[in-house]
Amino acid sequence: MSEVYQKLKKIVSEKFVSNDLYMRHAYSRNVDPVLQGIPEYVVRPKDAKEISEILKIVNEENIPVIPRGAGCCEFGGSKPIGDGGIVLDMKRMENIINLDEENLIITVEAGISWSKLNEYLSQFGLYTGCMGPGSGLTASVGGGISHHSVGGGGCAKYGACTNQLVSLEIVLPTGEIIETGSQANKYSKFPFNRFGNGPDLASLFCGDNGIFGVKTKVSLQVFPRPDFANYKTFLLPRKSVEASVNIFTEIRKKGVDVYDAIYIMDLLVSVGCQYGLFPLWDNLKRKRGVFFYVIEANSEVELEEKTKQLDNILLTNKAEELGPEIADGNFAKWHYTEQGHWLFAHNLWGVVPGFEPLDAECHTPINSYPAILKDLDQWDQEHSEEMNMILEIAGFRPITGSGPIILIDGNNVEFTCGFTSFASYIDGKYYDIIRETNIKLWKSILERVTKWGVQWYMMGEIMSRLMIEIGAYSEEYYNFLKSIKKTLDPNLILSRGKFNF
Amino acid sequence: MSKIENLKKQWEAIMSCMGCGDCGFAIRPAVGRYLVCPVKEAKGEEGFEIWFARGRMNVLKSILEGKLELSKDLAEFAYQCSECGSCTDTCHETHNPYIILNTSKWIDHVEVWHALRQDLIKAGFAPLDRHAKLIEYMNNPDMRNPYGEPKEKKFEWLNDVKGVSKTGDLAFYAGCTEPLRQKETLLNLAKIFNAAGKEFAVIEDEWCCGSISIRIGDIEAVKPNIEHNIEQIKKTGAKKVFVACAGCYRTLKKDWPEIFGQDLPFEVVNVTEVLLDLINNESLKIPEKDTEVIKVAYHDPCHLGRHMDFYEPPREVIAKIPNTEMIELRRNRNNAWCCGAGGGVKSQFPELALDIAKDRIDEAVESGIDILLTECPFCVGNLADSVKKENTNMKVLDIIDYIATKI
C-alpha cells in the first residue's frame with residue numbers, strides 16, 4: 001500500500017479507508033447519467049479532528065479532497081472532477097448532538113439526512129421548517145447547507161435551508177477547525193444565534209458547493225409543527241404558465257402565509273399521463289398545467305381564513321379545484337402527507353428505461369419564467385438534429401423542459417430546467433457519441449438559461465465550471481471569489497476543479 | 001474480458017438507477033419505511049456505499065461500460081447481500097397507486113444481483129468456498145440436500161407420523177431445512193393435520209428444490225432437481241402442493257416455471273393458506289385452553305413478502321388463534337427488516353447474518369412481544385441464533401409450532 005494510504009490508515013484506522021477498485025467506482029458517480037470521476041481513496045472520518053488531520057496531510061502531498069454527503073447532487077458535485085483524489089464520505093457522521101428544547105435549536109453532525117433529523121424531531125412535535133432539498137429522504141444536512149437547498153417542502157414559508165442556520169463547525173482546507181456565529185465567542189456554551197461577533201462568516205460557507213471548508217457540525221433553528229394543515233390541487237386554465245405567474249404574484253402581494261405553492265407545467269402533466277405516471281389525473285378532460293398549495297395553521301379559524309384567501313386567488317384566476325383525495329387528483333395531499341417530494345422533482349425521470357435528466361436548478365423572479373420556458377422550447381427546436389440522432393439510437397427523443405416550479409420566500413421561484421436523455425449505454429452497446437452529445441447539449445442549454453440572468457444554487461461540476469467558461473461572472477467578482485479561495489485553500493485542495501479552481 | 005451476458009440483459013435496470021441513494025438512507029414514516037439495506041446497517045460505521053444498492057449499481061454501470069471487470073474480489077462484495085429486495089421496494093417508489101414513477105418499473109434489484117452472480121459463476125469467480133460445498137452436496141446422488149446429510153435422513157421424520165400417504169390431492173413438499181434441522185416443526189405439522197382429521201401426501205425421493213443454488217447463481221446445477229422433483233410430485237397425483245418454507249415457496253412457485261420454461265402441472269400454495277382453510281372450514285378447532293394472552297408479532301420472510309407479495313394469510317391464521325394478541329412490528333410487510341439469512345449470507349458469512357438478525361430482534365424485543373412468529377425455517381434458525389447470542393427472553397417460533405402448542 002502507498003505511503004498516503006498508510007498515513008490515512010493511521011488517522012482513521014484500516015476499517016475506514018479503502019482504495020479497493022470496486023469501492024472507488026461505487027463513489028465515482030452522482031445523480032446524473034454522464035459525469036464520472038474515480039477517486040484514488042475513499043475515507044469515512046468520524047469527526048472534525050480526523051478530517052483536520054487528513055487535510056493537513058493532503059496539503060503536504062497535494063492530493064485533492066471532495067467531501068460527499070449523501071451523494072445526491074445531480075451535477076457532479078460530490079465525486080472527483082477527473083479521476084484521483086480522496087472522497088470524504090461524511091455519512092459516518094450522522095449523529096444528533098443536542099436538541100435545545102427551550103431555545104428550539106438542534107445541533108447535528110453534518111452527514112445526517114434530513115429525513116433522519118425530521119423523524120427525530122417529530123417525537124417532540126418539531127420540524128426543520130424547510131425540509132431540505134428535493135432529495136430530502138436521503139440528502140445530508142451538510143450538503144443542503146453547501147447549496148442553499150430548497151424543494152423538500154416548506155420553502156414558500158421558510159425559504160432555503162440556510163435561512164435556519166444558527167452555527168457551523170467547519171474544518172478549513174488547511175485543517176484548522178472553527179465555529180461560527182455565537183460560537184465564535186469561545187465563552188458561549190451553546191449555539192443560539194448566527195449573526196454577530198463580527199461578520200456573518202457562516203454565510204461564506206453557505207452555498208459554497210464545498211470549496212471553502214468541510215462542514216462537520218450544523219446547528220439549526222427548529223419549529224413547532226402546526227397542528228392544522230390544508231392542501232389543495234387545481235387544474236389551471238389555458239395559458240397555464242401565465243396563470244401560474246399571476247397566482248404566485250398575488251400570493252406574495254397579498255401576503256398569504258403559504259407553506260408550499262407549486263406549479264406543474266402542461267408538458268409534464270400531459271406526457272406524465274401518457275406514460276402512466278399520474279393515474280390521479282387520468283380523468284382530466286384537458287391535460288393542462290396543475291397548481292397546488294399547502295398551508296399550515298395553529299387553529300381551525302386560521303386555517304379556514306388562509307384557505308379562503310388562497311382559494312379566492314386560484315378561483316379568480318379561473319383555476320378549477322380538483323377533489324379532496326389523492327384519487328381525485330389532489331397531488332398536494334400526497335406531497336404533504338406522504339413526503340413524496342423527491343419523487344417527482346424532475347421532468348419525466350425514467351419515463352422509459354435509462355431516461356435521466358441533464359439539468360440544473362436555479363432561482364428566477366416570478367415574472368421571468370414564462371419567457372425562459374418558451375426559450376427552452378426554442379432551444380429544443382434549434383437542436384433537433386442532435387435530439388433526432390439520440391432518437392435514432394435509443395428509440396426515444398429527449399424531452400426538454402422544466403420540472404415543477406416552486407415558490408420560494410422572497411419574490412422568486414425555483415425551477416429545474418434542462419432535458420431528459422439516455423446514458424451512453426443502450427441495449428448492450430456503449431455509445432461515445434451519445435455521451436459527447438449529452439454533455440454538449442447539457443452545457444448549451446444551461447448557458448442559454450444562464451443568459452436569462454437566473455441564479456444557480458446547486459452547481460456541482462457542470463454549472464460551477466460553466467459559469468467561468470461562458471464568462472457569466474464579472475471579472476471582478478470571479479477575482480474576489482478566487483482570492484478568498486486562495487486565502488483559505490492555498491493549494492486548492494478542497495473540491496478541486498469546481499469553479500475552475 | 002469476462003463475459004457479462006446476464007448483466008447485459010439487465011442494462012435497462014442498471015442504467016435506470018438514477019443514484020439518488022434512497023436505497024441507502026430513506027426514512028419515510030408516512031409509509032412505514034425506516035431505513036433500507038440490512039447489510040449496510042449491519043456494517044455500521046463501516047457502511048461504505050458498496051454495501052448498498054446504489055454503490056453496487058455504480059460498479060455495474062462501470063462493468064457494462066467496459067471500465068471494470070468481474071473478479072473474485074467482486075464476488076466477495078456481491079455475495080454479502082441477502083437479496084431481501086428492500087432496495088427495490090424503496091427505489092423511486094411512491095407507494096401510492098395514483099402517482100407512479102416509472103423508474104420503479106424498470107428496476108428489480110434482486111434480478112440484477114442474480115444476473116451478476118450468474119456471470120460470476122460463469123466466469124469462474126464464484127461460487128465462494130462454502131457455497132460451492134452446498135451445491136456439491138445438493139448434486140451428490142447420496143445426499144441431494146445442501147446440508148451434506150445422507151439422503152435417507154431427510155425422510156426420517158415420517159417414521160414418527162401418521163396420516164400421510166404416497167398419493168392424494170394435496171401433497172407436501174418438505175424441503176431440506178425442516179426435515180434435517182427443524183424436524184419438530186414437521187412433527188407439529190402432522191399433529192395439526194391429525195387434529196383436523198386431514199391427510200396429505202408426501203413426495204418420495206424428494207430432492208432439494210434448488211433455492212440455494214439459484215440464489216448463488218448456478219442455474220445449470222438446479223435443472224436436474226427441478227425435472228426430478230416435478231416428476232416425483234406428478235406421481236403423487238396431487239393437484240395442489242403446499243410448502244412450509246418461504247425459500248421453497250418462491251422457488252417452486254416462481255423459479256421452477258421460469259427455469260423449466262412452462263407452467264407446473266400442479267398449484268403451489270403456502271402452508272398458511274392450507275391452515276387457514278382448515279380453520280375456516282372448522283376442520284381445525286384450536287381450543288381456548290390458556291387464559292393468559294400471549295403477545296406475538298409476525299416477521300415477514302423476504303422470500304414470501306417482498307419476493308412474492310404474500311403478506312396476509314399468515315396474519316389471518318394468527319388472528320384466529322385464541323388468546324393471542326398480534327402486534328405489528330414497526331417495520332412490517334413490504335417494509336419488514338430482513339432476518340439476514342437469505343441470499344446465501346448465512347452459509348458464507350454467518351457473522352453478517354447474525355449482525356442483521358440482531359437489528360430485527362432488537363426491534364421485536366422493543367415491541368414488547370413474547371413470541372416472534374414467522375413462516376420460514378431460515379428466518380427461524382437465524383433469528384433464534386440471534387436470540388441465543390443476545391440472551392433475550394423472547395422466543396422465535398414457526399407459526400406451525402405455535403399452533404401445535406395450542407392443540
Side-chain angles (χ1 to χ4, degrees), chain A residues 15-16 18 20-23 25-33 36 38 42 44 46 70-72 89 91-92 113 115-116 119 122 135 137-139 275-280 326-327 329 331 334 337-340 342-344 349-356 422-428 430, chain B residues 8-9 11-31 33-35 44-51 54-68 71 73-74 77 90 92-107:
Chain A
K15 289 190 289 189
F16 302 110
S18 176
D20 177 274
L21 185 60
Y22 299 105
M23 195 74 88
H25 274 261
Y27 284 87
S28 67
R29 301 169 198 257
N30 295 157
V31 189
D32 71 76
Q36 188 181 26
I38 304 155
V42 183
R44 279 171 71 85
K46 79 166 188 293
C72 294
D89 177 354
K91 288 300 289 181
R92 192 173 158 209
S113 70
S115 60
K116 182 174 175 183
E119 188 217 357
S122 69
S135 44
L137 289 179
T138 290
Y275 284 90
L277 273 68
F278 301 129
L280 80 169
I326 297 169
F331 201 89
W334 175 75
T337 63
E338 299 186 12
Q339 298 180 6
W342 164 250
L343 301 157
F344 80 113
W349 216 329
V351 70
V352 293
F355 207 52
E356 294 191 34
F422 292 90
S424 45
Y425 187 95
I426 297 163
D427 200 16
Y430 184 80
Chain B
K8 281 186 173 179
K9 289 178 198 160
W11 81 268
E12 289 187 348
I14 295 166
M15 290 298 167
S16 290
C17 169
M18 61 181 77
C20 69
D22 282 0
C23 51
F25 310 110
I27 296 174
R28 289 181 73 195
V31 296
R33 167 60 64 182
Y34 299 93
L35 293 172
E45 290 194 331
E46 295 168 53
F48 284 92
E49 292 204 8
I50 199 154
W51 298 122
R54 175 175 68 184
R56 291 164 188 253
M57 285 293 202
N58 280 344
V59 168
L60 297 184
K61 285 177 185 175
S62 289
I63 289 173
L64 283 183
E65 291 169 353
K67 297 169 185 164
L68 271 182
S71 72
D73 287 347
L74 179 61
F77 289 122
T90 309
H92 218 203
E93 280 284 2
T94 64
H95 293 288
N96 189 302
Y98 298 102
I99 299 161
I100 296 177
L101 279 299
N102 277 10
T103 302
S104 63
K105 296 179 187 169
W106 319 133
I107 308 177

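Naming convention: chains lettered A, B, ... in sequence-line order (proteins, then strands); numbering from 1 in each chain. These numbers come from a predicted model, not from an experiment.
Side chain to side chain, B:Ser71 and A:Tyr22 meet the donor-acceptor criterion of an N or O pair below 3.5 Å.
Heavy-atom distances place both the backbone and the side chain of B:Phe48 under 4.5 Å from chain A. Contact annotation for A:Asp20: only side-chain heavy atoms (C-beta onward) come within less than 4.5 Å of a heavy atom of chain B. Residue A:Ser424 touches chain B through its side chain alone, counting heavy-atom pairs closer than 4.5 Å. Proximity to chain A is limited to the side chain of B:Arg54, based on heavy atoms less than 4.5 angstrom apart. The part of B:Lys105 that comes within reach of chain A is its side chain, from C-beta onward, which places non-hydrogen atoms under 4.5 angstrom from that chain. There is no contact between A:Lys46 and chain B, counting heavy-atom distances below 4.5 Å. Contact annotation for B:Cys17: only backbone heavy atoms (N, CA, C, O) come within less than 4.5 Å of a heavy atom of chain A.
In plain terms, the two heavy atoms of B:Trp106 and A:Val351 that are nearest each other are CZ2-O, 3.5 Å. A pairwise comparison of heavy atoms in B:Cys20 and A:Cys72 identifies O-SG, 3.4 Å as the closest pair. Looking at every heavy atom in both residues, B:Glu45 comes nearest to A:Arg44 through O-NE, 2.8 Å.
Every residue two or more places apart in sequence or in another chain that forms a side-chain contact (heavy atoms from CB on, under 4.5 Å) with A:Ile38 is listed here: A:Arg24, A:His25, A:Ser28, A:Gln36, A:Asp83. Under the side-chain contact (heavy atoms from CB on, under 4.5 Å) criterion, A:Thr337 pairs with A:Tyr231, A:Lys333, not counting sequence neighbours.
When A:Tyr275, A:Phe16, A:Phe422 are compared by the number of non-hydrogen pairs under 4.5 Å with chain B, A:Phe16 comes out ahead. Interface check for chain B: of the options A:Ala139, A:Gly276, A:Pro33, A:Ser113, the most heavy-atom pairs under 4.5 Å are formed by A:Gly276. For the options B:Val31, B:Asp73, B:Leu64, B:Leu60, heavy-atom pairs under 4.5 Å to chain A are most numerous at B:Leu64.
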How far apart are the C-alpha atoms of A:Arg29 and B:Glu65, what are their side-chain angles, what is the distance that settles it, and do they pass the salt bridge (charged side-chain N to carboxylate O under 4.0 Å, His left out) test? CA-CA 13 Å; A:Arg29 301 169 198 257; B:Glu65 291 169 353; 2.9 Å; yes

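In this structure, A:Lys116 forms no cation-pi arrangement with B:Phe25, as its terminal cationic atom is not both closer than 6.0 Å to the ring centre and no more than 45° off the ring axis.
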